[in-house]
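Here is how names work: the chains are called A, B, and so on, in the same order as the sequence lines, proteins then strands, and each is numbered from 1. Not measured: the values here are computed from a predicted model. Note: hydrogens, waters and symmetry copies are ignored here, and every other heavy atom, side chains too, is used.
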There are 2 protein chains.
Amino acid sequence: MTKSVLKLSRETTMKRSNTQKLKDALEEDIINGQLLPGAKLDHDALAAKYGVSRTPIREAIQQLVVSGLVTVKAKKGTFVAKVGFDQLIEMFEVMAELEGMCGRLAARRIQPDELEALRAALYRCEDPDVMSDPDDYYYENEEFHSCIYAASHNSFLASEARQLKQRLKPYRRLQLQTRNRVSTSVSEHRRIFEAIEKGKEFEAEQQLKEHVLIQGTRFSDFMSQVKAFGHTSQDAS
Amino acid sequence: MTKSVLKLSRETTMKRSNTQKLKDALEEDIINGQLLPGAKLDHDALAAKYGVSRTPIREAIQQLVVSGLVTVKAKKGTFVAKVGFDQLIEMFEVMAELEGMCGRLAARRIQPDELEALRAALYRCEDPDVMSDPDDYYYENEEFHSCIYAASHNSFLASEARQLKQRLKPYRRLQLQTRNRVSTSVSEHRRIFEAIEKGKEFEAEQQLKEHVLIQGTRFSDFMSQVKAFGHTSQDAS
DNA sequence: TTGTTGTATATTGTTGTCAATAGGAATTGA
DNA sequence: TCAATTCCTATTGACAACAATATACAACAA
């Protein structure tokens, strides 16, 4: 693993501290599956890999602990958080509620231009070319949901939902491989869109809740996939 | 301000790092109003006050930034987060949703012993002696809501709700001084309890949402009080 | 074989110091 | 009097060395 040494070189226009850059880099690796739940994060190794001292690494890791992505076991090392079953279910339950709330508020508050943006996002999701490519669909799906977040006109809610979604992302990967996932998702999107378009708060909320909860596959299927992933039921927090 | 030097002496049974103790101490000061929103947190001053070096303070502050209680303005200093109006409203909106969700789940999942605990908490809230003392009532009120959290059987939800409540606490203080607050709150509690007892999910959810949102006082009253507190509409995040 | 004790090592916590950066003030010129 | 430039200082970020602590492992004894 000799690559990605000094990934911290990019500078857009903002000046960011090494700690922040480290935090983002680790976060991304965790979310995108480069670092799997349970993987050990060795301070010295990371310090060497990124060419910085241990302090920024300590601080970055501590911040990730606060946001729940990693856990430190005293004198045992720091590891990518591995959330147990029960908590995973609990988190999805909350995620569904937040998404549902976004939908309800969006149905009530969406503005004409936002509605058109949402419609455009829906159309892109329904494009056969997009549907056939998992990466493309993943991106457009995110866009669709982002539109709903924006339309909820509650930026705090949006950021909370986004944060929780990120935290769940390492485990959501498992769902996407289910058969017919995409086509099911698309038809759910259409129902969600129509509910929002017509201002049906309750229906938008319900549709979104289900969209998150069952994610087009039976929940037991999902559970068994998670089980197969090798979790027992410990840690996190 | 010579007091509280080395508040970090208490040891229950756990060993906690200075950073963690600092974080808790600052958190508590912020939540309990010792440190008002907008107050400056001087690293050196804190280092002197608590008798530690600057590093634990740095780290504690960084963690508080992640959880949203403080903000750092580049090269200007770090300050207790002062959330603006709009975001305050947004946060209350989310808080209401989470509380409502707790109530809904509790109505569906509460166990006999939990129901009795909730009933007992309700009775304590209704005790005239308790109602007459703001501090007592505050405590018992917290207990009542804690029972609902527990009965939701979703510990993740409970911790998220608790965290958000803490973050709002500096501003909730303003509500408690409203006339008839306690007696209104108590009767709301009874309605909430009855809804949960009878398993009426929807009603429990609605009651709790309103309980949080209007908090017995008209929202505009609350808003004007907040305004009087001296916020304009900046920072946070 | 099992239990205990001691040592070694890995990991985390703390400190003092240095460097860089941005804000503000003061001085100088018009 | 006003504006611009320069210098000073407050503040944050980073580092390396030091210290403390708990765990793991091995050796030894019962």
Side-chain angles (χ1 to χ4, degrees), chain A residues 5-27 35 38-66 69-82 234-235 237, chain B residues 5-27 35 38-66 69-82 234-235 237:
Chain A
V5 183
L6 261 294
K7 161 188 285 184
L8 358 158
S9 49
R10 67 165 155 166
E11 295 192 17
T12 51
T13 40
M14 266 297 284
K15 282 272 177 175
R16 280 156 58 252
S17 69
N18 278 358
T19 299
Q20 293 307 315
K21 287 186 263 188
L22 251 306
K23 185 191 165 197
D24 289 350
L26 291 176
E27 214 168 67
L35 289 170
K40 183 170 183 177
L41 295 175
D42 186 67
H43 284 204
D44 294 330
L46 290 173
K49 181 177 178 185
Y50 290 102
V52 295
S53 125
R54 259 184 38 213
T55 309
I57 301 210
R58 262 179 67 81
E59 293 175 347
I61 285 182
Q62 285 181 337
Q63 290 180 41
L64 291 176
V65 169
V66 173
L69 266 81
V70 313
T71 52
V72 308
K73 301 191 186 179
K75 306 294 176 188
K76 297 283 296 225
T78 71
F79 305 86
V80 178
K82 187 157 62 171
Q234 67 280 30
D235 32 340
S237 103
Chain B
V5 183
L6 261 295
K7 162 189 286 185
L8 358 157
S9 49
R10 65 164 156 167
E11 296 192 18
T12 50
T13 40
M14 268 295 286
K15 280 271 178 174
R16 280 152 62 252
S17 71
N18 276 357
T19 300
Q20 292 309 314
K21 287 186 264 188
L22 251 307
K23 185 189 165 201
D24 289 350
L26 290 177
E27 215 167 67
L35 289 170
K40 182 169 184 178
L41 295 176
D42 185 65
H43 285 203
D44 294 331
L46 291 173
K49 180 177 178 185
Y50 290 102
V52 295
S53 136
R54 263 183 37 218
T55 309
I57 299 204
R58 266 177 62 82
E59 293 176 346
I61 285 181
Q62 285 181 339
Q63 291 181 40
L64 291 176
V65 168
V66 172
L69 267 80
V70 313
T71 52
V72 308
K73 300 192 186 180
K75 306 295 175 189
K76 297 282 297 221
T78 71
F79 304 86
V80 178
K82 190 158 58 171
Q234 68 280 30
D235 34 339
S237 100

Select one nucleotide: of [options], the one nearest the side-chain heavy atoms of [X].
X: B:Thr78; options: D:dT12, C:dG16, C:dT11; value: D:dT12
X: A:Thr55; options: C:dG13, D:dT23, D:dA16; value: D:dA16
X: A:Lys75; options: C:dA20, C:dT15, C:dT11; value: C:dT11

Tell me, do A:Val66 and B:Lys23 make a side-chain contact under 4.5 Å, heavy atoms counted? yes
So, is [X] near the phosphate of [N], with a side-chain N or O under 4.0 Å from OP1 or OP2?
X: A:Arg58; N: C:dT12; value: no
X: A:Thr19; N: D:dG13; value: no
X: B:His43; N: D:dT11; value: no
X: A:Lys40; N: C:dT11; value: yes
X: A:Asn18; N: D:dG13; value: no

Kindly determine whether A:Leu26 and A:Leu46 satisfy side chain to side chain contact (heavy atoms under 4.5 Å, CB included), including the steps that lead there. CA-CA 10 Å; A:Leu26 291 176; A:Leu46 290 173; 4.2 Å; yes
Nearest-angstrom distance from the residue atom [atom1] of [X] to [atom2] of [N]:
X: B:Leu41; N: D:dT12; atom1: CG; atom2: C1'; answer: 14 Å
X: A:Ile57; N: C:dT12; atom1: CD1; atom2: P; answer: 11 Å
X: B:Asp42; N: D:dA10; atom1: CG; atom2: C1'; answer: 9 Å
X: B:Lys21; N: C:dG13; atom1: NZ; atom2: P; answer: 12 Å
X: A:Lys73; N: C:dG13; atom1: NZ; atom2: P; answer: 16 Å
X: A:Lys76; N: C:dT11; atom1: NZ; atom2: C1'; answer: 12 Å

Is D:dA30 paired to anything, Watson-Crick or G-U wobble with both distances less than 3.5 Å, and if yes, which nucleotide?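 D:dA30 is paired with C:dT1.
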On DNA chain C, nearest-nucleotide positions of B:Arg54 versus B:Glu59: which is more 5'?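 Comparing both residues, the 5'-ward one is B:Glu59.
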Write down the atom of B:Tyr50, the atom of B:Ala25, and the distance for their closest heavy-atom approach.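 So the minimum-distance heavy-atom pair works out to OH-CB, 4.1 Å.
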Taking all non-hydrogen atoms of both residues into account, name the closest pair between B:Ala45 and B:Asp42 and its distance. N-OD2, 2.9 Å
Using the closest heavy atom to pick a nucleotide of DNA chain D for each, name whichever of A:Ala74 or A:Ser17 lands nearer the 5' end.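 The residue mapped nearer the 5' terminus is A:Ser17.
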Side chain to side chain contact (heavy atoms under 4.5 Å, CB included) for B:Leu22 and B:Glu59? Distances and angles first, verdict last. CA-CA 9 Å; B:Leu22 251 307; B:Glu59 293 176 346; over 6 Å; no
Considering every strand and a 4.0 Å limit on heavy-atom distances, what is the contact class for A:Asp44: base, sugar-phosphate, or nothing?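 Here A:Asp44 touches no strand at all.
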